[in-house]
2 protein chains.
Amino acid sequence: MQGLSAAKQEIEKGVLAKSMLTIVGDCSVDYLGRATSTLAMGKRLVLIKGDGSVSIHQNRLVRPTNYMVGTKISCELCNGGSNLVLRASKQRPKEDLTIIFSGIDDLKAYEMEIVNDLRLSGSERDLNEMLMQDLSMIEPGLKPVNQQQHFQKGVCDIIAEDREGNFVVIELKRRQADYAGVTQLHRYMHEVQKMKGRKTRGILLAPDIRKNAKNLLEQLGLEFAKLDFELTPSGEEKAKIKGLERKQSKITEHMHPQQG
Amino acid sequence: MQGLSAAKQEIEKGVLAKSMLTIVGDCSVDYLGRATSTLAMGKRLVLIKGDGSVSIHQNRLVRPTNYMVGTKISCELCNGGSNLVLRASKQRPKEDLTIIFSGIDDLKAYEMEIVNDLRLSGSERDLNEMLMQDLSMIEPGLKPVNQQQHFQKGVCDIIAEDREGNFVVIELKRRQADYAGVTQLHRYMHEVQKMKGRKTRGILLAPDIRKNAKNLLEQLGLEFAKLDFELTPSGEEKAKIKGLERKQSKITEHMHPQQG
DNA sequence: GCCTAGGTCCCGTTG
DNA sequence: CAACGGGGCCTAGGC
């Protein structure tokens with residue numbers, strides 16, 4: 001347990017120094033911004049970071065119950081010193097977080113660099129690069145044309161050309177594909193078709209696809225290929241593509257399936 | 001600074017008691033699971049919660065650099081006691097997080113209930129309920145038929161019937177609508193049409209819509225209505241719908257716009 | 001600033 | 001269990 005007045009000073013000092021602050025104590029929380037929320041008095045951890053991020057953690061889940069990014073933080077004593085009020089606020093959108101402490105069990109400031117060291121492998125970007133090394137895995141004779149091409153309507157993962165000179169638009173997903181992935185691919189396929197004015201195919205490449213999404217995909221005349229990849233234990237290589245199996249989805253000619 | 005051997009015992013005790021644990025110290029981190037990642041030695045905050053959630057925070061951003069939910073945690077001394085290794089692991093999917101401490105600055109265990117107190121207003125669900133009170137806001141004579149109806153293909157926010165006996169499918173978004181919202185609505189509209197075998201309209205209800213998404217929406221013969229709502233400062237009411245403006249999108253007859 | 005999409009998305013809910 | 005979609009999504013990258 002700790003005096004709220006001393007706490008106030010320590011918080012102000014820590015915020016100024018861009019330290020990481022951990023505050024554990026009894027508090028209530030109000031948020032008003034993109035939604036509104038209240039949290040009745042109770043014991044929680046408040047985490048303040050050097051970049052102005054604030055998050056309030058209960059003793060469950062990874063995600064904080066309340067949070068804000070890029071805030072300005074202020075701090076004042078209220079009710080004759082029996083409460084410490086912490087405010088985090090932000091413009092655009094206008095958001096305010098108010099934390100009222102009735103007591104603080106613990107307060108610490110840690111000097112910590114504001115860096116991002118994480119080296120992650122196996123992201124979609126990594127798989128994309130792997131695939132570009134050898135598109136023939138997907139289909140013999142497939143040649144790269146472009147990758148990460150920006151349209152007005154989004155970013156197309158891979159554009160290739162097949163043996164018969166058709167353009168092939170490939171949308172890659174690192175996990176089970178859903179509706180959104182299918183409609184994305186559909187959009188890009190049409191975009192390429194319109195730009196290039198040539199017959200264009202669309203292939204969704206993912207480890208799996210939800211059943212309904214598969215149905216939609218087939219209705220739209222798109223193709224699915226199962227992507228089997230393996231994560232390399234650490235830093236060495238990005239990932240390894242183990243295999244690529246065509247589920248031989250019948251390429252039903254596209255016939256205005258959404259007609260009403 | 002604190003002895004690693006004592007730390008080990010305190011962690012084990014805290015995990016058993018389902019306390020919230022905060023550990024600040026120098027550590028390296030390896031994750032192997034849905035992706036792989038490594039974090040070189042550096043000072044971080046490790047947060048362990050009573051439900052087995054683990055997260056590792058750097059001094060920036062709301063989101064942890066590494067995290068896992070619902071883990072089993074173990075703890076051992078290595079290298080003749082000069083390292084403390086914390087392992088969090090999980091099956092289905094198989095995931096492993098390894099945190100190697102070379103030194104611990106601070107370690108605390110806090111007794112804290114494992115509860116979720118948060119009362120949030122202004123979610124899509126709240127707006128949905130508000131709207132159902134009076135669908136005539138959207139359009140005179142609109143009568144409710146169903147809400148949150150589950151199809152095999154998803155959940156339809158609101159189904160109503162207009163003055164002319166057409167079904168009206170309404171998709172509600174609490175923020176600016178995008179492509180995904182439009183295609184969602186399109187899917188549900190077709191689903192209802194197929195089920196009921198009657199002319200069906202689709203209305204996307206949102207505070208705003210992205211330009212490209214608006215184009216797609218109009219191509220698909222769907223309608224947009226601007227939803228203006230206000231958040232009530234706190235607990236009292238959920239939210240207040242201030243107004244609802246029809247952008248008079250010409251209901252172009254649907255004509256196979258995605259045809260190639 | 002806006003738009004677009006990825007994420008080890010997380011998370012709750014329903015069938 | 002799988003599927004589906006919301007989220008105060010967060011966050012990064014382009015334009």
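Labels below follow one simple rule: chain letters A, B, ... track the order of the sequence lines, proteins then strands, and each chain is numbered from 1. Just so we're clear, the structure is a prediction, and the values are computed from it rather than from any experiment.
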*His150(B) or Asn212(B): which one's nearest nucleotide on DNA chain C is closer to the 5' end?*
Asn212(B)

*asked:* Under 4.0 Å, counting only non-hydrogen atoms across every strand here, what does Lys173(B) touch: a base, just sugar-phosphate, or nothing?
replied: sugar-phosphate

*So what does Glu95(B) hit on the nucleic acid, given a heavy-atom distance under 4.0 Å: a base, only sugar-phosphate, or nothing?*
base

*Donor/acceptor link under 3.5 angstrom from Asn66(A) side chain onto base of dG8(D)*: yes

_Nearest non-hydrogen partners of Asp157(B) and Asn128(B), listed with the distance_ = O-ND2, 3.6 Å

*To the nearest Å, give me how far apart CE (Met68(A)) and C1' (dG7(D)) are.*
17 Å

*Quick one: Gln149(B) CD to dA3(D) P, roughly how many Å, whole number?*
21 Å

*DNA chain D: Leu118(B) or Leu61(B), which has the more 5' nearest nucleotide?*
Leu118(B)

*Using whole Å, report how far CG of Leu120(A) lies from C1' of dA12(D).*
13 Å

_Along DNA chain C, first and last positions that approach a heavy atom of chain B under 4.0 Å_ = dC3(C) to dT14(C)

*Assign each of Asp208(B) and Arg174(A) to its nearest nucleotide of DNA chain C by heavy atoms, then name whichever residue's nucleotide is nearer the 5' end.*
Asp208(B)

*For dG6(D), take OP1 and OP2 only and decide whether either is under 4.0 Å from a side-chain N or O of Arg175(B).*
no

*P atom, dG8(D) versus dC4(D): distance in rounded Å?*
22 Å

*Describe, in one word, how the ring planes of His57(A) and His57(B) are oriented to each other, choosing from parallel (under 30°), tilted (30 to 60°) and perpendicular (over 60°).*
perpendicular

*Send over the distance from Arg125(B) CZ to dG5(D) C1', rounded to a whole Å.*
12 Å

*Taking atom C1' in both dG7(D) and dG7(C), compute the distance separating them and give it to the nearest angstrom.*
13 Å

*With heavy atoms under 4.0 Å as the rule, sort Ser53(B) into base, sugar-phosphate or nothing.*
nothing

*asked:* So which atom in Arg44(B) and which in Met41(B) form the shortest heavy-atom distance, rounded to 0.1 Å?
replied: NH1-C, 3.7 Å

*Between dT4(C) and dT8(C), how far apart are the P atoms? Round to whole Å, please.*
23 Å

*asked:* Counting only side-chain nitrogens and oxygens, does Tyr179(A) get under 4.0 Å of the OP1 or OP2 atom of dG5(D)?
replied: no

*Would you say a side-chain N or O of Arg60(B) is under 4.0 Å from OP1 or OP2 of dA12(D)?*
yes

*When all nucleic acid strands are considered with a 4.0 Å heavy-atom cut-off, which category describes Tyr188(B): base, sugar-phosphate, or nothing?*
sugar-phosphate

_Side-chain ion pair, Glu95(B) and Arg34(B), N-O less than 4.0 Å_ = yes

*Rounded to whole angstrom units, what separation is found between the CG atom of Leu216(A) and the P atom of dA3(D)?*
16 Å

*asked:* Please check if the number of heavy atoms outside Lys18(A) that lie under 6.0 Å from its NZ is greater than 12.
replied: no

*asked:* Rounded to whole Å, please give me the gap between CD in Gln184(B) and C1' in dA3(D).
replied: 14 Å

_Glu191(A) atom CD, neighbour heavy-atom count above 12 within 6.0 Å_ = yes

*Rounded to whole angstrom units, what separation is found between the CG atom of Asn116(B) and the C1' atom of dG8(D)?*
14 Å

*Look at atom CD of Gln148(B) and say whether more than 12 heavy atoms of other residues, nucleotides or ligands are closer to it than 6.0 Å.*
yes

*May I have the distance from Glu171(B) (atom CD) to dG6(D) (atom C1'), rounded to whole angstrom?*
10 Å

*Rounded to the nearest 0.5 Å, how far does CZ of Phe151(B) lie from CE of Met195(B)?*
5.5 Å

*Now, which nucleotide makes the Watson-Crick or G-U wobble pair with dG8(D), with each of the two distances under 3.5 Å?*
none

*Mind checking Gly154(B) for me? I need base, sugar-phosphate or nothing, with any heavy atom below 4.0 Å counting as a touch.*
sugar-phosphate

*Shortest non-hydrogen contact from Asn212(B) toward Lys153(A)*: ND2-CA, 4.2 Å

